[in-house]
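The block underneath contains the structure these notes are about, expressed in structure tokens.
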Amino acid sequence: MINQQFTQKFDREPAVSAQAPGRLEFIGNHTDYNGGPVLGVSVDRRISVALAPRADRQVHLWSATMDRETITNLDSITPLTGEDSWANYALGVLKELIDAGMKTPHGFDMAVDSDLPPGAGLSSSAAFELSCGYGMSALFDFELERADMARVGRRAENNFVGMPCGILDQGVSAFGDVDCLVKIDCEREEFNRLPLPQDVHFWVFNTAKKHSLVDSLYGERHRECMESVKRLQAALPNITCLAQVNSEQLEANHALLGDVLLRRARHIVGECERVRAVELALKSGDMRAVGKMLFESHDSSRINFENSIAELDLLVDELRRTDNVWGARLTGGGFGGAVMAVTNSAFDQKQAEKNVQAYQDKFGQQATFFHTQTGPGAHRTEVTA
Ligand code: ADP
Ligand code: MG
């Protein structure tokens with residue numbers, strides 16, 4: 001598909017192609033940049049790219065899904081603004097790969113296609129970065145370990161796009177696989193695959209709502225977490241991140257934080273503990289316990305981290321009352337986006353429709369939903385005629 005699109009647009013065959021999946025944050029909300037653990041799954045929806053070299057030093061980037069083309073040059077790779085800013089994910093990856101030693105003797109054309117809704121909590125941005133990483137490195141014959149490719153994507157987003165995200169999104173898009181969860185220890189940056197129990201299904205309910213201040217709110221939470229660490233160091237001088245604090249230590253030192261920072265820290269510390277508990281429950285196949293923790297995670301987002309919105313809360317509350325649902329929570333950064341429901345195989349379209357009907361009744365607007373399963377992680381694909 002991506003190959004045909006490339007050919008239609010650029011009038012020749014692509015030389016290489018690659019794809020990378022979106023991800024669901026299973027549990028571990030905002031723990032990544034706090035040095036904690038997080039569990040994610042790669043979904044069976046992805047961004048695909050196809051590339052071919054050019055004779056000159058120009059870089060032509062074309063998104064089929066957005067029907068937008070951005071043209072730049074290898075000798076002037078700087079962040080773009082306005083209508084061209086979508087290209088920053090690709091250009092950031094290109095720059096990071098060059099900084100890592102990739103040689104680019106010539107320019108290239110690249111086509112991008114996607115079945116991942118952007119801004120829906122599925123991290124289309126990381127899928128975009130990782131597909132570019134595998135596509136560009138294939139084109140320029142450059143080898144990089146999987147973990148380093150995830151880091152390239154993250155640095156592109158941090159430095160080039162200007163989003164201070166942790167390693168979760170890129171780590172899961174890189175390391176995800178069918179029937180697996182990816183566990184990331186974000187302090188050590190260790191990536192591991194865990195088996196997902198049988199008969200676990202994912203349903204994504206997308207509110208299509210995005211807080212207008214989402215990027216600055218993300219940055220604000222980031223700063224609040226760093227400030228909490230600084231203040232807690234007065235009593236716990238050896239800590240370097242919130243993930244190193246447990247609940248007892250936090251509550252014993254609550255006076256250092258004040259109400260807002262205490263709630264932010266409670267969320268992170270609680271999430272770290274819940275991730276560990278979920279890992280144990282998964283090992284024994286106790287999906288009831290897993291689901292309970294997913295709901296608790298959402299409650300903590302709503303009350304402590306204040307990164308939920310009424311639309312997400314309503315969907316989670318409806319799902320809490322629905323049969324065949326193990327658990328549900330907002331997935332991703334929050335302040336809008338999507339709810340992930342983890343269900344058994346008996347959960348069906350009718351039940352999903354009932355949930356979005358309740359949403360429609362309350363908000364007068366549609367929420368969309370889809371069923372998804374785990375899918376393979378980022379990889380180069382065959383260019384077939
Ligand atoms: P999320 O990662 O949660 O989907 P982000 O705001 O981090 O949301 O990333 C979405 C951005 O990624 C889009 O605004 C766009 O710039 C870029 N993007 C995602 N998918 C595509 C696509 N198919 N074509 C071009 N750009 C895309
Ligand atoms: Mg993103």
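Position 1 is the first residue of the sequence; numbering continues from there. Start at 1 and go down the list; that is how both ligands and their atoms are numbered.
- Residues Glu129 and Gln170 bring a donor and an acceptor atom of their side chains to less than 3.5 Å of each other.
- Close approach to Pro118 involves these atoms of ligand 1, each under 4.0 Å from a residue heavy atom: 4 (O).
- Residues Ile184 and Asp32 have side chains not in contact (no heavy-atom distance under 4.5 Å, counting atoms from C-beta outward).
- In this structure, Glu190 does not pair ionically with Lys183, as no charged nitrogen and carboxylate oxygen lie closer than 4.0 Å.
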Table please: side-chain donor-acceptor pairs of residues 98-111 below 3.5 Å, with sequence neighbours left out.
residue: Asp99; atom: OD2; partner: Lys95; partner atom: NZ; Å: 2.9
residue: Asp109; atom: OD1; partner: Arg54; partner atom: NH1; Å: 2.9
residue: Asp109; atom: OD2; partner: Arg12; partner atom: NH2; Å: 2.2

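- Of the protein's heavy atoms, Ser124 OG, 3.2 Å lies nearest to atom 19 (C) of ligand 1.
- Each of the atoms 22 (C), 23 (N), 24 (N) of ligand 1 lies under 4.0 Å from some heavy atom of Thr65.
- The closest approach between Gly332 and ligand 1 stays at or above 4.0 Å for every heavy atom of the residue.
- Here the protein heavy atom with the shortest distance to atom 24 (N) of ligand 1 is Ser63 OG, 2.7 Å.
- Remark: Arg221 engages Glu224 in a salt bridge, criterion side-chain N to carboxylate O under 4.0 Å.
- Distance check on atom 14 (O) of ligand 1: every protein heavy atom falls at or beyond the 4.0 Å cut-off.
- The closest side-chain donor-acceptor pair between Thr65 and Ser114, if any, does not fall under 3.5 angstrom.
- Distance from atom 7 (O) of ligand 1 to its nearest protein heavy atom, with residue and atom name: Ser125 OG, 3.1 Å.
- Nearest to atom 18 (N) of ligand 1 among the protein's heavy atoms is Phe128 CD2, 4.0 Å.
- Against a heavy-atom cut-off of under 4.0 Å, Lys210 is close to the following atoms of ligand 1: 6 (O).
- Listed by number with element, the atoms of ligand 1 under 4.0 angstrom from any heavy atom of Ile47 are 20 (N).
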Run Phe347 and Trp203 through ring pair (Phe, Tyr, Trp, His ring centres under 6.0 Å) and show every step you take.
CA-CA 9 Å; Phe347 185 87; Trp203 291 76; 5.0 Å; yes
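- Side-chain contact, Glu157 with Ser125: a donor N or O sits under 3.5 Å from an acceptor N or O.
- In terms of protein heavy-atom proximity, atom 8 (O) of ligand 1 is closest to Gly119 N, 3.4 Å.
- Judged purely by distance below 3.5 Å, without hydrogens or angles, the side chains of Glu25 and Asn29 pair a donor atom with an acceptor atom.
- At a threshold of 4.0 Å, the pair Arg154-Glu96 does not count as salt-bridged, since none of the basic side-chain nitrogens sits closer than that to a carboxylate oxygen.
- The nearest protein atom to atom 25 (C) of ligand 1, hydrogens excluded, is given as Met66 SD, 3.1 Å; this is a heavy-atom distance.
- At the top of the distance list for atom 12 (O) of ligand 1, counting protein heavy atoms only, stands Tyr89 CE1, 3.5 Å.
- For the Mg ion (ligand 2), the set of protein N/O/S atoms nearer than 2.8 Å consists of Ser125 OG, ordered by chain and number.
- Side chains of Ser300 and His267: a donor on one and an acceptor on the other come within 3.5 Å.
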Could you please spell out the steps behind the ring pair (Phe, Tyr, Trp, His ring centres under 6.0 Å) verdict for His30 and Phe305?
CA-CA 9 Å; His30 288 252; Phe305 217 59; 4.7 Å; yes
